[in-house]
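A quick write-up on the structure given underneath.
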There are 2 protein chains.
Amino acid sequence: MSELDDVVLARLVASDQRYTPARRALVAALRCAGGPVSIQEIQGLTDDLPQSSIYRNLSVLEAAGVVTRIVGNYEFGRFELAEDLIGHHHHLLCEECGAMLDVTVPPAIERQLDEALEKLAKRSGFTLHHHRLDLVGRCAQCK
Amino acid sequence: MSELDDVVLARLVASDQRYTPARRALVAALRCAGGPVSIQEIQGLTDDLPQSSIYRNLSVLEAAGVVTRIVGNYEFGRFELAEDLIGHHHHLLCEECGAMLDVTVPPAIERQLDEALEKLAKRSGFTLHHHRLDLVGRCAQCK
DNA sequence: TTGCTTGCAAATGATTTGCACTGCT
DNA sequence: AGCAGTGCAAATCATTTGCAAGCAA
């Protein structure tokens, strides 16, 4: 049981939830993925959990703040571990095959961006919680 | 008939499509909206076009390069005029009410960002086409 | 007339939910 | 025993599509 598991367990307990085998399998699958994964990919990574269980347990994990659900371009939903577990990052999104990969922007850029966005948001009376940045293009395989 | 209509007409013709009243109504609705709008909002903005016509015509307009389809946070799809028609911009996204508003980032920031992202993309063997930046938070009304 | 467009209703596909059952505690 | 978690199948919701009728070139 790794450090990550400890944190996950703590958050589930805080939400009055158990850390069941199915949930462990989901967290393990998300951890080894290099980016947000779809339900189908999760089914491949785990031993064929039924879809409904995947959806239901991902909802529980999301409510506990362990998992984040995002949506790619068109397609369906994708899931990843929460940013405070794996660090702030962004995504490379392949227009050809729909793959999504994690990518980290240099802190200097990130900082400048945050400052600029904060000003912009304020100008619109907007309370900024966070930003989302995707790099859209074509991945190495689809070139 | 405005300048925008001329461009739209030209692109539709280039796609072997007509600029019908329904399509004009859609373009007009998208033009007066201050950001990407949902199908429901479009239904409110136009004189109750049937959903299927809205979807079908938006597809035609998207194929002609006039309209871009994006997807908000969870919810459903949203549509806006193509960036080359209304200019490069980003979105303010309200977590509370789901509203999406256009926002423009200062060119200086935009330029630095582009350079940094281009380097990052190259490092992953990725061909960068464009980027997408959303400011997520709470809008003035939902504060 | 010929073919694109329309509008309804039915089909699709991702996601959610009802319900009976299993397995912890 | 009591309650949360499971898995199937049915329901839901946005979106797409088939098809018959309308309209424009």
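Small disclaimer: the values here were computed from a predicted structure and weren't measured. Here is how names work: the chains are called A, B, and so on, in the same order as the sequence lines, proteins then strands, and each is numbered from 1.
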Worksheet item: By side chain to side chain contact (heavy atoms under 4.5 Å, CB included), which residues pair with Val60(B), not counting sequence neighbours?
Response: Leu12(B), Gln17(B), Arg23(B)
Worksheet item: Of all residues at least two apart in sequence or in a different chain, which pass the side-chain hydrogen bond (donor to acceptor under 3.5 Å, both in side chains) check with Glu95(B)?
Response: His129(A)
Discussion item. If you compare every side-chain N and O of Arg18(B) against the phosphate oxygens of dG3(C) (OP1, OP2), does one of them come in below 4.0 Å?
Written reply: no
Item to complete: With sequence neighbours excluded, give me every salt bridge (charged side-chain N to carboxylate O under 4.0 Å, His left out) pair touching residues 132-143 of chain A.
Response: Glu96(A)-Arg138(A), Arg132(A)-Asp134(B), Asp134(A)-Arg132(B)
Worksheet entry | 5' to 3' contact window, DNA chain D with chain A (heavy-atom distance under 4.0 Å) | dA4(D) to dA9(D)
Item to complete: Sort and list the pairs that fulfil salt bridge (charged side-chain N to carboxylate O under 4.0 Å, His left out) and have at least one residue in residues 42-68 of chain B, not counting sequence neighbours.
Response: none
All N/O contacts under 3.5 Å from nucleotides 20-22 of chain C to the protein, with atom names and distances to one decimal?
none

Item to complete: Starting at atom CD of Gln40(A), determine the distance to atom P of dG13(C), rounded to an integer number of angstrom.
Response: 11 Å
Worksheet entry | Any residue meeting side chain to side chain contact (heavy atoms under 4.5 Å, CB included) with Glu115(B), in chain and number order, not counting sequence neighbours | Arg111(B)
Worksheet entry | salt bridge (charged side-chain N to carboxylate O under 4.0 Å, His left out) partners for Glu41(B), two or more places apart | Arg78(B)
Practice prompt. Start with the C-alpha gap between Leu117(A) and Val105(B), add the side-chain angles, then the distance that decides, and say whether side chain to side chain contact (heavy atoms under 4.5 Å, CB included) holds.
Written response: CA-CA 8 Å; Leu117(A) 298 186; Val105(B) 172; 4.2 Å; yes
Practice prompt. Linking directly or through intermediates, with side-chain heavy atoms under 4.5 Å: list the remaining ILVMFWY members grouped with Phe76(B), chain and number order.
Written response: none
Worksheet item: Which parts of residues 46-59 of chain A get close to DNA chain C, meaning a heavy atom less than 4.0 angstrom away?
Response: Gln51(A), Ser52(A), Tyr55(A), Arg56(A)
Practice prompt. Kindly write out the residues that satisfy side chain to side chain contact (heavy atoms under 4.5 Å, CB included) with His88(A), not counting sequence neighbours, or none if the list is empty.
Written response: Glu83(A), His90(A), Glu110(A), His131(A)
Response to the item:
Taken in chain and number order and not counting sequence neighbours, the residues that satisfy side chain to side chain contact (heavy atoms under 4.5 Å, CB included) with Ala121(A) are Phe126(A), Leu128(A), Leu135(B)
